[in-house]
Amino acid sequence: MVDALGVAVVGFGWMGRVHTQAYARVLHHYPRLALRPELVTVAEEVPGRAEEAARQFGFASTTRDWREVAADPRVEAVSITAPNFLHREIGVAMAEAGKHVWIEKPVGLSAEDARAVADAVAKAGVQGAVGFNYRNAPAVEAARDLIASGEIGGVTHVRIRLFSDYAAHPEGALTWRYERERGGSGVLGDLASHGVDLARFLLGDIASLTADTAVFLPERARPAGATAGHSRAAGGELGPVENEDYVSCLLRFVSGARGVLEACRVSVGEQNNYGFEVHGTKGAVFWDFRRMNELGVSRGTSYQDQPVSTVHVGPGHGEFGAFQPGAANAMGYDDLKVIEAYRFLRSVAEGAPHGATLADAVRSAAALDAMARSAGSGAWVTVDAPA
Ligand SMILES: NC(=O)c1ccc[n+]([C@@H]2O[C@H](COP(=O)([O-])OP(=O)(O)OC[C@H]3O[C@@H](n4cnc5c(N)ncnc54)[C@H](O)[C@@H]3O)[C@@H](O)[C@H]2O)c1
C-alpha cells in the first residue's frame with residue numbers, strides 16, 4: 001500500500017502546470033515510488049486560474065492566498081512556482097509550516113534569498129528540491145559519468161551556452177521578469193542559473209569569474225491584464241527594462257579548468273539553444289538540449305583528427321529506462337520534470353536528498369551575484385556563498 005502525500009502548487013503559470021503534470025505522471029513512470037502525490041490545493045492570484053487548474057487536474061480545493069496553503073494541515077509538500085520575488089517569503093513560510101518544498105530556480109533574487117530558504121528548510125528538517133531540470137537529462141548524467149571516468153582525460157575547458165528568443169519580440173510584455181524588484185537579475189536568474197548548475201554538475205565548483213552584461217531592448221509595453229509565460233502587449237504604455245538581457249562570463253573552476261558561459265534572452269533565431277562542450281586532454285563531450293537524447297563524444301588516443309561519434313542515450317543512462325524501452329526513442333522537456341518530481345518525492349519518502357537541493361541553489365545564486373558584481377566593476381570576483 002502506497003502512502004498518500006498531500007501536495008499543493010503555488011503559482012499556476014507555465015511551471016505550475018508543469019509541476020502539476022509531473023505529480024500526475026510520476027507513478028506511471030516510477031510505480032515503486034513509496035508515496036502517491038495527492039493534489040490538495042492550488043494557490044493562484046489571477047482570478048479563475050486556480051479554478052481552471054482544479055477542473056483540469058483535480059485539485060480538491062483552490063485559493064488566491066498562498067498563506068492558506070501554509071496553514072492547511074492536508075498539505076505536506078508544496079511546489080513553489082510563483083515569480084522569483086516571492087520565492088523567499090513563500091519558501092521560508094512553507095518550510096516553517098513543516099512542508100517539504102520543491103521550488104523553482106533561481107530561488108529568490110539573490111544568494112541571500114536562496115540561503116534564507118535553505119536555512120529554513122534545514123531548520124525545519126524538511127526536504128528541499130530545486131528546479132534545475134537540465135541536470136536530470138540522461139545524456140547530461142552520461143556526460144558527467146564520462147568526465148568522472150577520466151575517459152576524456154583531465155578537463156581543460158568548457159563552453160556553456162543558453163540562447164533564447166523568448167524576450168526578443170519588441171512587443172513582448174513588460175512582465176515581472178523585467179523588473180529588478182520582482183524578476184531580479186533578468187537573464188542571469190532565468191537562464192545563466194541553469195548554466196551555472198550544469199557547470200557545477202559536470203565540473204564541480206566555480207572559484208572565480210569575470211562577467212559582462214547588457215540590456216539590448218531597454219523598453220517594453222506594459223500589459224493591460226494578467227500575464228503568463230511570455231505574453232505580448234502591443235500598443236501598451238512603454239516602461240523601462242530594469243534587468244539584463246545578456247551575460248557573458250569567464251569562469252575559473254576550483255579544479256583549475258577554465259570556462260565560458262554566455263546567456264541571452266533576446267537572441268533572434270535561437271530557440272532554447274542550450275548546451276555545453278566539455279574539453280579534456282584526451283577527448284571531448286558535447287550536448288545540445290534541442291537534441292536532448294544525444295551526446296557527441298570524442299574519445300580515443302589520436303589527439304589530433306580524433307573523430308566525434310553520436311551516442312543515443314538509452315536505458316543504461318540516468319533515468320532513461322523509466323520513460324522509454326530503447327535508445328533513440330525521444331524523451332522531452334516535461335519528462336525532466338517528472339524525474340525531478342520523482343527525486344523530490346523519493347527524498348521525502350527516505351528523509352534524504354536526491355537530485356538538486358537548496359545548497360545547489362545557494363551556490364548557483366552566489367555565482368550570479370558574482371557576475372553582477374563583476375559586470376559593475378570589471379574585475380575578477382571570487383564566488384563566495386553566503387554563510
Ligand atoms: N526550470 C525551468 O526550466 C523554468 C522554466 C520557466 C520558469 N521557471 C521558473 O519558474 C518560476 C515561474 O515562472 P513561469 O514561467 O511559470 O512564470 P508565469 O508568469 O508563467 O507563472 C507565474 C504564476 O504565478 C502567479 N502568481 C504571481 N503572484 C502570485 C501570488 N502572490 N500567489 C499565487 N500566485 C501568484 C502568476 O499569476 C502566474 O500565474 C520562476 O521562478 C522561473 O524562474 C523555471
Contact summary for [X] and [Y], nearest pair of heavy atoms:
| X | Y | answer |
| --- | --- | --- |
| A8 | V69 | CB-CG1, 3.5 Å |
| A95 | V101 | N-CG1, 4.4 Å |
| I206 | A199 | CD1-CB, 4.5 Å |
| R222 | P240 | NH2-CD, 4.1 Å |
| V78 | V75 | CG2-CG1, 3.6 Å |
| A22 | A341 | CB-CB, 3.9 Å |

Subject >> More than 12 heavy atoms of other groups within 6.0 Å of R159 CZ >> reply: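 Open: at most 12 neighbouring heavy atoms sit under 6.0 Å from CZ of R159.
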
Is it true that a side-chain atom of [X] and a backbone atom of [Y] form a donor plus acceptor pair closer than 3.5 Å?
| X | Y | result |
| --- | --- | --- |
| H317 | G314 | yes |
| N136 | L336 | yes |
| S79 | T81 | no |
| S347 | R343 | yes |
| T213 | Y246 | no |
| D245 | F216 | yes |
| R220 | A167 | yes |
| E52 | G48 | no |
| T382 | D384 | no |
| W102 | G128 | no |

Would you call [X]-[Y] a salt bridge at under 4.0 Å N-O?
| X | Y | answer |
| --- | --- | --- |
| K105 | D197 | no |
| R299 | E151 | yes |
| K123 | D119 | no |
| R36 | E38 | yes |
| R135 | D360 | yes |

Please examine the side chains of [Y] and [X], heavy atoms only from C-beta on, and report whether any two atoms are closer than 4.5 Å.
| X | Y | answer |
| --- | --- | --- |
| V285 | L295 | yes |
| V215 | N243 | no |
| C249 | T210 | no |
| D288 | R161 | yes |
| M331 | M292 | yes |
| V158 | V278 | yes |
| L191 | Y166 | yes |
| H19 | K337 | yes |

**OP:** Take S61 and R74, measure what side chain to side chain donor-acceptor pair (under 3.5 Å) needs, and give me the verdict at the end.
**Re:** CA-CA 11 Å; S61 60; R74 298 170 302 165; 3.0 Å; yes

Are [Y] and [X] linked, directly or through intermediate hydrophobic residues, by side-chain heavy-atom contacts shorter than 4.5 Å (ILVMFWY only)?
| X | Y | value |
| --- | --- | --- |
| F276 | L203 | yes |
| L251 | I147 | yes |
| V338 | M15 | yes |
| V383 | L109 | no |
| W66 | V117 | yes |

Original post:
Side chains of S193 and S364: donor-acceptor distance under 3.5 Å anywhere?
Top reply: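 Side-chain D/A pair, S193 to S364: absent.
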
Original post:
Are S298 and Q306 linked by a side-chain donor-acceptor pair shorter than 3.5 Å?
Top reply: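 Result is yes, a qualifying pair exists.
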
Original post:
Can you check side chain to side chain donor-acceptor pair (under 3.5 Å) on N84 and R177, steps first, answer last?
Top reply: CA-CA 8 Å; N84 302 352; R177 280 178 204 284; over 6 Å; no

Roughly how far, to the nearest 0.5 Å, is the [atom2] atom of [Y] from the [atom1] atom of [X]?
| X | Y | atom1 | atom2 | answer |
| --- | --- | --- | --- | --- |
| R252 | W380 | CZ | CH2 | 4.0 Å |
| L162 | D190 | CG | CG | 10.5 Å |
| M371 | L250 | CE | CG | 10.5 Å |
| E237 | E219 | CD | CD | 10.0 Å |
| E104 | N133 | CD | CG | 6.5 Å |
| S110 | H87 | OG | NE2 | 12.0 Å |

**OP:** Could you give me the CA-CA distance, side-chain angles and deciding distance for D334 and R25, then say whether salt bridge (charged side-chain N to carboxylate O under 4.0 Å, His left out) is met?
**Re:** CA-CA 10 Å; D334 286 2; R25 286 178 55 204; 5.2 Å; no

**OP:** Decide yes or no on side chain to side chain contact (heavy atoms under 4.5 Å, CB included) for F320 and E141, but give the supporting numbers first.
**Re:** CA-CA 10 Å; F320 191 93; E141 289 198 60; over 6 Å; no

Original post:
Checking side chain to side chain contact (heavy atoms under 4.5 Å, CB included) for the pair I152/K282: CA distance, chi angles, key distance, verdict?
Top reply: CA-CA 5 Å; I152 66 164; K282 293 197 305 193; 5.6 Å; no

Subject >> side chain to side chain donor-acceptor pair (under 3.5 Å) evaluation trace for Q271 with R290 >> reply: CA-CA 9 Å; Q271 292 90 34; R290 297 165 301 177; over 6 Å; no

**OP:** Flag the pair Y342 / H29 as yes when their ring centroid distance falls below 6.0 Å, and as no otherwise.
**Re:**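 No, they do not, as the ring centres are separated by 6.0 Å or more.
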
Original post:
ring-ring contact (aromatic ring centres under 6.0 Å, His included) between Y333 and W14: does it pass, once the steps are laid out?
Top reply: CA-CA 13 Å; Y333 174 86; W14 177 28; 5.7 Å; yes

**OP:** Return the orientation label for the F289 and Y274 ring planes: parallel under 30°, perpendicular over 60°, tilted otherwise.
**Re:**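 Aromatic pair F289/Y274 classed parallel.
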
**OP:** Go through R88 and E112 one step at a time and tell me if the side chain to side chain contact (heavy atoms under 4.5 Å, CB included) criterion holds.
**Re:** CA-CA 9 Å; R88 178 177 182 156; E112 227 183 278; 4.2 Å; yes

Subject >> Which residues share a salt bridge (charged side-chain N to carboxylate O under 4.0 Å, His left out) with E270, sequence neighbours left out >> reply: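 If we apply the salt bridge (charged side-chain N to carboxylate O under 4.0 Å, His left out) test to E270, skipping adjacent residues, there are no hits.
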
**OP:** Please write out which residues are connected to F286 in a hydrophobic cluster, directly or through intermediates, given that two of Ile, Leu, Val, Met, Phe, Trp, Tyr count as joined at side-chain heavy-atom separations below 4.5 angstrom.
**Re:**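 Traced through the cluster, F286 reaches V308.
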
**OP:** Output, in order, the C-alpha distance, side-chain angles, deciding distance and verdict of side chain to side chain contact (heavy atoms under 4.5 Å, CB included) for Q127 and E350.
**Re:** CA-CA 10 Å; Q127 295 297 318; E350 296 178 5; over 6 Å; no

